[in-house]
S.K.: 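One structure is given below, represented as structure tokens, and several questions about it will come after.
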Protein chains: 4
Amino acid sequence: MIRTAIIGAAGLSGQELIRILSHHPEASLDVVTSTKYAGQRVGDVFPQFSRSNLTFQPNDVALNGAAKDKMDLAFLAIPNQASLDIAPKLLKQGIKVIDLSGVFRLKNVAVFEQRYALKQTAPDALKEAAFGLPEAYRELIRAARLVANPGCYPTGALIGLLPLGELAAQLAAPPIIDAKSGVSGAGGRVEDESTNFLSVNENFKAYKVFSHQHQPEIEQVLEGTTPYRAAKQGAVIFTPHLLPIARGIFSTIYLCFDRPMPRGEMWTAFADFAAREPFVKLLPDGKMAELAMVQGNNDCVISLHPDETGKNWVVCTVIDNLLKGASGQAVQNMNLMFGLEETAGLV
Amino acid sequence: MIRTAIIGAAGLSGQELIRILSHHPEASLDVVTSTKYAGQRVGDVFPQFSRSNLTFQPNDVALNGAAKDKMDLAFLAIPNQASLDIAPKLLKQGIKVIDLSGVFRLKNVAVFEQRYALKQTAPDALKEAAFGLPEAYRELIRAARLVANPGCYPTGALIGLLPLGELAAQLAAPPIIDAKSGVSGAGGRVEDESTNFLSVNENFKAYKVFSHQHQPEIEQVLEGTTPYRAAKQGAVIFTPHLLPIARGIFSTIYLCFDRPMPRGEMWTAFADFAAREPFVKLLPDGKMAELAMVQGNNDCVISLHPDETGKNWVVCTVIDNLLKGASGQAVQNMNLMFGLEETAGLV
Amino acid sequence: MIRTAIIGAAGLSGQELIRILSHHPEASLDVVTSTKYAGQRVGDVFPQFSRSNLTFQPNDVALNGAAKDKMDLAFLAIPNQASLDIAPKLLKQGIKVIDLSGVFRLKNVAVFEQRYALKQTAPDALKEAAFGLPEAYRELIRAARLVANPGCYPTGALIGLLPLGELAAQLAAPPIIDAKSGVSGAGGRVEDESTNFLSVNENFKAYKVFSHQHQPEIEQVLEGTTPYRAAKQGAVIFTPHLLPIARGIFSTIYLCFDRPMPRGEMWTAFADFAAREPFVKLLPDGKMAELAMVQGNNDCVISLHPDETGKNWVVCTVIDNLLKGASGQAVQNMNLMFGLEETAGLV
Amino acid sequence: MIRTAIIGAAGLSGQELIRILSHHPEASLDVVTSTKYAGQRVGDVFPQFSRSNLTFQPNDVALNGAAKDKMDLAFLAIPNQASLDIAPKLLKQGIKVIDLSGVFRLKNVAVFEQRYALKQTAPDALKEAAFGLPEAYRELIRAARLVANPGCYPTGALIGLLPLGELAAQLAAPPIIDAKSGVSGAGGRVEDESTNFLSVNENFKAYKVFSHQHQPEIEQVLEGTTPYRAAKQGAVIFTPHLLPIARGIFSTIYLCFDRPMPRGEMWTAFADFAAREPFVKLLPDGKMAELAMVQGNNDCVISLHPDETGKNWVVCTVIDNLLKGASGQAVQNMNLMFGLEETAGLV
């Protein structure tokens with residue numbers, strides 16, 4: 001059994017990790033930490049885990065010399081600055097790390113520092129970090145000590161774009177990604193007016209238009225993996241919106257090609273991709289992806305919609321932002337890092 | 001035209017007052033205040049009022065010597081302590097006051113100070129305050145300089161109980177009021193976790209069981225107006241719950257009688273009450289009150305449900321907590337205080 | 001007073017018309033019809049209209065010889081086929097008509113018959129019908145006997161595109177309109193599984209991708225009013241989505257230009273448009289349109305978002321689909337047709 | 001491995017059964033039926049089960065002679081009449097049955113036929129049926145061939161009442177159960193207007209007041225298990241309401257006693273009950289049950305709230321109507337019937 005720890009287990013992603021790891025066939029959950037609840041039993045704080053015997057410990061349990069005796073892997077579900085501080089110390093102790101914050105994703109330090117308004121103080125860790133999207137970097141993840149778990153929006157967007165492969169070279173314009181997220185993926189339980197029930201319920205809006213930190217994350221992966229880059233400099237147009245629901249991200253992706261794309265060619269590209277990927281599903285022609293298909297599971301479901309000319313395509317993808325967009329994907333990455341079945345504990 | 005001011009116009013009740021008073025045929029809205037938005041145009045803060053020419057002023061505009069030149073009546077939609085401070089000063093200037101806070105409702109100072117954790121520092125104002133439930137105290141309201149606008153829960157509960165009149169003497173047990181409120185009536189836009197979208201959405205819970213400050217408010221009115229008091233000491237059992245919706249209060253009221261109550265007798269009592277009251281509607285037998293019937297209007301809709309024996313009755317009432325439960329009722333009270341048609345501006 | 005009738009007054013648009021016309025200063029509501037509720041009092045069917053003295057009549061009240069004695073104008077809020085049948089008969093009696101169905105909007109009969117799967121059996125009425133978007137066709141509406149009230153999606157999309165005026169000539173690609181609608185604008189109360197609570201709640205999906213009947217409606221207006229047409233053949237890309245809320249349409253419109261558009265030029269174009277139009281509001285730079293701004297009013301609120309290069313712009317528009325997207329706009333059109341103040345009864 | 005079948009697997013309860021049985025450590029899911037989807041792969045109809053290899057068969061697969069070769073146990077998640085028809089035939093083949101319909105719950109045939117408007121055509125099956133509430137009838141369930149799985153409302157209500165045990169003798173009045181259910185427990189996906197999104201969203205109402213078929217079900221169990229019966233004839237007052245959420249039942253139970261009940265006595269009674277029961281949790285004093293605690297799990301969580309006098313108590317219980325209120329409880333019953341760990345597959 002792989003011994004795991006969740007640093008920051010009381011947040012939304014942390015709770016999902018508790019739930020998954022409590023039933024994982026080849027990993028045990030040995031340590032959970034929480035600044036707010038240190039000293040309290042997990043089951044007392046969260047009645048849905050009433051059968052757990054764990055007690056929240058303070059975060060620094062991961063930092064004392066004995067941590068290595070308790071854990072082979074630590075999931076970090078803590079704020080950005082905390083991840084920057086803690087991850088290198090865990091690595092130094094020989095503990096593998098899957099970081100759910102944003103600090104080890106962007107290789108371009110200048111872009112990172114501008115979008116996150118944070119100093120990149122862990123350049124060595126950044127250098128070795130694998131970007132944890134198995135659909136793009138499976139082999140790097142297998143070999144990694146540190147995995148930067150992707151953002152939720154990039155996961156939904158990229159799984160709709162990566163299947164293009166060589167076809168991306170024929171895009172006539174930057175892909176437009178119109179993304180809609182439930183509240184848990186877009187600000188979450190922050191105690192401010194913007195996520196108050198009365199602000200969100202029966203409402204809808206865009207936010208951070210042309211300025212969201214996930215845009216360069218999408219572009220970085222496209223540049224590294226598709227021929228899209230050479231021709232178009234990797235730019236995408238990305239608009240996040242806030243849905244009045246708890247969880248799920250729906251991405252409507254607009255692709256305009258230089259020439260009509262034969263239906264068969266596009267379907268084959270996506271179908272081949274889905275056939276290779278354990279958590280990617282392509283719907284048959286005429287069916288529409290919807291959030292209900294993925295809430296509670298680790299799948300990304302795709303539907304494809306060409307116009308009459310074949311020059312314009314809409315790709316719709318849906319994920320559960322807390323699973324494939326966060327904790328589910330983190331466990332998928334753990335499975336890869338430790339040579340387990342990739343789907344273990346997730347289906 | 002009656003010249004009115006809203007002190008604290010940027011909150012939920014204040015916004016409803018702006019909306020109603022902007023179209024009232026016999027009142028003008030001349031002054032709006034807000035600590036947060038002082039100096040900003042109302043239409044810039046709230047696009048739905050983009051046609052308004054008003055600018056938010058600081059609250060103390062009501063306190064300088066010249067206030068009387070600008071307003072005949074002030075609506076106070078401010079926190080409890082602020083109402084305690086400001087109301088007496090307005091009265092002294094000869095300005096009538098309708099207070100939407102809780103501080104002038106409970107005549108029993110000890111009960112008030114316990115439930116509100118506040119010192120009653122305005123005993124003279126309290127003494128002269130009329131409780132602003134027209135269905136119980138219309139004549140007092142007409143004559144009042146200061147009206148304590150009722151709480152939202154008491155309004156929904158009392159309009160389901162007052163029609164009993166003499167029949168209340170035959171109750172075998174305290175009425176049980178199981179009340180369910182939308183978020184705007186139960187904590188509102190407070191910036192804490194309890195009203196965060198993720199805490200409320202797809203959830204339901206009770207709160208303040210046996211300790212809510214509206215329970216003695218209901219009892220005080222029952223004691224003063226029905227024979228219920230002598231026999232039963234005015235007690236009611238009251239449980240508030242939080243509905244995952246924006247607005248509306250549904251009260252399920254359980255009445256157990258000493259003897260079978262003839263259907264005709266009960267229906268007549270309620271129908272007579274509704275016939276007298278411009279904002280009370282009794283549904284015909286077999287129809288069920290629901291929140292959609294009152295959202296956006298000042299009505300209280302009632303449905304009646306006897307069991308087979310006639311000893312047990314369920315009375316359901318619905319109101320919009322921001323209208324009949326707050327700002328609509330406040331304007332109804334204004335109409336009474338100034339001798340206008342009671343429904344002016346409200347239908 | 002203008003005497004009005006609502007044919008089909010029990011649906012969602014019909015109910016909004018009842019509400020507005022009950023308080024219109026220069027129009028009276030004299031006739032309401034409903035196949036389902038004929039013979040019942042309006043107030044008995046809809047408690048929120050309990051003060052109404054009207055009784056639902058059968059639809060054919062509009063067709064007997066005496067209709068002209070009762071109404072100057074009929075609003076048709078009935079199914080497509082019924083509008084095709086009834087509108088010509090009303091016109092023949094000298095009664096003006098505002099039709100809320102889709103049958104008199106598309107001038108191209110072939111396109112109409114394909115998208116609506118209906119035969120165009122009223123070509124003369126079609127020929128004289130004015131498209132009821134005041135922001136595009138105010139003078140035609142003033143002179144019209146028959147107004148085809150626009151679809152809700154076209155209203156939200158077009159008010160985001162028309163302000164471009166001459167600038168539209170510099171678009172490098174078709175505008176992409178990613179639109180999200182509440183249930184009342186997207187299928188409504190149809191008694192099938194797709195709008196069941198469990199199908200919609202906590203869910204989100206696109207529908208009718210590249211096949212919605214509102215796409216040619218948007219294109220027809222753009223072709224007729226902007227230089228966009230000559231260069232680009234009037235095509236737009238339009239994707240409707242279903243939001244888990246009751247009302248409101250949010251349109252995210254992507255504009256890609258041939259060259260960087262100076263911020264001042266774009267803002268001026270939109271600000272001038274908004275200044276001319278009584279129901280169009282442009283938000284200041286940095287503010288984001290959201291549905292809460294327009295629910296319950298007849299406004300269309302716009303926010304503008306350029307990228308760093310100025311070549312890509314996002315325009316967000318919000319409307320209430322039952323008001324500016326249906327019944328509110330219909331009353332705006334009535335006001336124009338009868339020479340009233342354009343905003344009468346609507347603010 | 002126990003071989004199981006789900007007859008009627010495409011409904012809400014059926015889908016939950018598929019989900020649970022797909023991961024049960026000691027049961028296999030071998031047969032799923034659906035009239036609507038017969039012949040289609042489960043994974044094609046429900047993308048969340050895309051890994052399933054099962055194909056929907058017609059319901060009568062359970063009736064041909066060979067059924068016994070395929071299944072040891074059949075879950076019936078079909079309409080009432082269908083259960084009456086099929087259950088006896090399965091029993092005759094030696095197949096055990098857990099029936100999720102209402103037809104084998106009420107022992108009093110007259111009451112059954114009145115509340116369900118159905119003829120009781122399977123009296124022998126009824127006679128042998130155990131009522132599947134483990135908290136009341138664990139030993140009967142262990143020995144049963146046919147289990148009548150309880151209604152969702154009775155489950156939530158009874159788990160709040162059964163812990164009283166002998167204390168029930170001191171109730172001064174019938175318990176009042178004010179219950180609030182999500183849509184999946186209260187009508188579900190029926191294709192009519194009452195569960196349309198626009199009818200439910202932002203709304204709330206009671207229904208079937210004093211006439212719901214679950215009232216005699218609650219009373220039957222109370223009569224059979226507590227001293228409550230002798231003194232009070234087993235009557236309860238029960239009002240169901242419809243919450244605008246997908247799943248969960250919140251029961252607010254009002255208990256009025258003849259005398260003040262010592263806090264210790266009541267807490268001990270409930271704590272002892274919870275300690276014995278694997279799926280019952282009692283919250284500590286001061287904590288409030290809420291639906292979020294049980295959505296997605298098989299627990300019933302209880303909170304207790306006395307008034308100052310100790311004569312009046314409010315008991316709040318929460319369950320997930322599709323799990324502890326339906327399919328989870330059905331699997332709990334299966335575990336008992338086949339001698340497995342009671343919690344197998346459920347935690």
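This structure is a prediction, so every number in the text was calculated from the model and none was measured. Just the heavy atoms: all of them, side chains too, but no hydrogens, waters or symmetry mates, feed the values below.
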S.K.: How long is the gap from CG on A:Asn196 to CG on B:Leu198, to the nearest 0.5 Å?
M.R.: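 CG of B:Leu198 is found 11.5 Å from CG of A:Asn196.
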S.K.: Checking an interface table here. Which of residues 288-302 of chain B come within a heavy-atom distance under 4.5 Å of chain A?
M.R.: none
S.K.: I'd like to check B:Asn201 versus A:Val183 (side-chain heavy atoms, cut-off strictly below 4.5 Å). Are they in contact?
M.R.: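 Result no, sub-4.5 Å side-chain heavy-atom pair not found.
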S.K.: Roughly how far, to the nearest 0.5 Å, is the CZ atom of B:Phe197 from the OG atom of A:Ser194?
M.R.: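 With rounding to 0.5 Å, OG (A:Ser194) is 12.5 Å from CZ (B:Phe197).
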